[in-house]
Amino acid sequence: MKQLELSLKTISAQETYPVRHPILREGRPLSECEFEGDEDPTTIHLGLYSKEKLIGVATFLKKSNPCFSEKVQYQLRGMAILQRFQNKGLGKIILDEAERLLTNKCHRIWFNARKIAVNFYEKNGYKKTGEPFEIANVGVHYVMTKKII
């Protein structure tokens, strides 16, 4: 594979759509790429670029899950890598940077992981909690989490 010349930076919610849409909402209206909390001042959107092309995204929302006791938590949403760049360790780059950015801002990251992504997150230190559940029009998910402090 050619050298990707990777860079990672914070981006706007709308800038995530070209990756969110084909990977997470394929065949559905573009408006479904908008998440509640996308525009909150505490929300962080990360974009991974190969040269100048956006190839991966993730959003981190300051949002607590009552299953966890930590006062300050962030929820990961909309993590996606364009198809041709998947399985190359690029998602780990995004997670590592997010954990670095959030280390002094929260105590726990949690999210609803698609069944097909569970192994990836487990390899990166996240743990499943609770039973699998269905999200309509999306599929089976597990709550996953990691303490970061």
Side-chain angles (χ1 to χ4, degrees), residues 1-63 65 68 73-130 132-148:
M1 185 173 79
K2 290 183 192 175
Q3 176 68 346
L4 294 176
E5 297 178 33
L6 299 174
S7 62
L8 188 63
K9 62 183 180 179
T10 57
I11 60 176
S12 71
Q14 291 77 22
E15 288 174 294
T16 68
Y17 294 4
V19 177
R20 277 185 189 174
H21 192 254
I23 302 303
L24 303 174
R25 301 293 188 263
E26 185 177 26
R28 302 199 356 233
L30 188 62
S31 61
E32 289 189 26
C33 290
E34 183 178 348
F35 300 151
E36 183 179 332
D38 263 351
E39 301 300 331
D40 290 352
T42 55
T43 297
I44 299 166
H45 304 282
L46 293 177
L48 181 65
Y49 291 80
S50 173
K51 299 182 183 176
E52 300 298 315
K53 179 176 176 50
L54 182 65
I55 62 170
V57 298
T59 295
F60 295 83
L61 304 140
K62 188 176 182 182
K63 184 176 180 184
N65 181 322
F68 307 114
Q73 305 170 30
Y74 267 73
Q75 179 187 13
L76 165 60
R77 288 208 62 195
M79 178 137 171
I81 304 288
L82 290 177
Q83 187 72 41
R84 69 178 254 228
F85 295 96
Q86 291 179 6
N87 301 309
K88 299 178 185 335
L90 302 178
K92 179 175 176 32
I93 293 170
I94 295 173
L95 286 179
D96 287 349
E97 177 63 7
E99 289 175 18
R100 187 190 70 74
L101 287 171
L102 292 172
T103 294
N104 295 316
K105 294 183 181 189
C106 77
H107 303 100
R108 179 178 295 276
I109 296 173
W110 68 275
F111 49 91
N112 300 321
R114 291 176 186 222
K115 184 177 179 180
I116 63 169
V118 167
N119 287 339
F120 163 75
Y121 290 115
E122 286 178 332
K123 288 177 186 174
N124 285 283
Y126 290 83
K127 306 259 187 257
K128 286 190 292 189
T129 182
F133 60 96
E134 183 87 17
I135 294 180
N137 301 317
V138 182
V140 176
H141 284 67
Y142 290 85
V143 173
M144 297 192 77
T145 186
K146 183 179 188 180
K147 280 186 169 189
I148 61 168

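We count residues from 1, following the sequence as given. Because the structure is predicted, anything quoted here is derived from the model rather than measured.
You'll find the side chain of Glu34 reaches within 4.5 Å of the side chain of Tyr17, heavy atoms only. At a threshold of 4.5 Å between non-hydrogen side-chain atoms, the residues Tyr74 and Leu101 do not count as touching. Contact check for Thr10 versus Leu46: side-chain heavy atoms found under the 4.5 Å cut-off. Two residues are said to be in side-chain contact when any heavy atoms from C-beta on lie closer than 4.5 Å; Arg84 and Ile55 fail this criterion. A heavy-atom distance below 4.5 Å is not found between the side chains of Glu52 and Glu5. Side-chain contact between Ile11 and Thr16: present, with at least one pair of heavy atoms (C-beta onward) separated by less than 4.5 Å. The shortest distance between side-chain heavy atoms of Lys63 and Asp40 does not fall below 4.5 Å. In this structure, Ile81 and Lys88 have side chains that are not in contact, with every pair of non-hydrogen atoms separated by 4.5 Å or more.
Rounding to the nearest 0.5 angstrom, the gap separating the OH atom in Tyr49 from the CG atom in Leu8 is 9.5 Å. Separating the CZ atom in Arg77 from the CZ atom in Arg20 is a distance of 7.5 Å, to the nearest 0.5 Å. Going from atom CD of Gln73 over to atom CD1 of Ile148 covers 10.5 Å, rounded to the nearest 0.5 Å. Here SG of Cys33 is found 5.0 Å from NE2 of His21. Values are rounded to the nearest 0.5 Å. Distance check: Ser31 OG to Arg25 CZ gives 10.5 Å after rounding to the nearest 0.5 Å.
Using cut-offs of 30° and 60° on the angle between ring planes, the pair Tyr126 and Tyr121 is perpendicular.
One N or O on the side chain of Thr43 and one on the backbone of Gly37 form a donor-acceptor pair closer than 3.5 Å. Lys92 contributes no side-chain N or O that, together with a main-chain N or O of Lys123, makes up a donor-acceptor pair within less than 3.5 Å.
For Lys53, there are no side chain to side chain donor-acceptor pair (under 3.5 Å) partners at least two apart in sequence or on another chain. Residues satisfying the side chain to side chain donor-acceptor pair (under 3.5 Å) criterion with Glu32, sequence neighbours excluded, are Arg28.
Under the side chain to side chain contact (heavy atoms under 4.5 Å, CB included) test applied with His45, the options Asp38, Val57, Leu61 reduce to a single match, Asp38.
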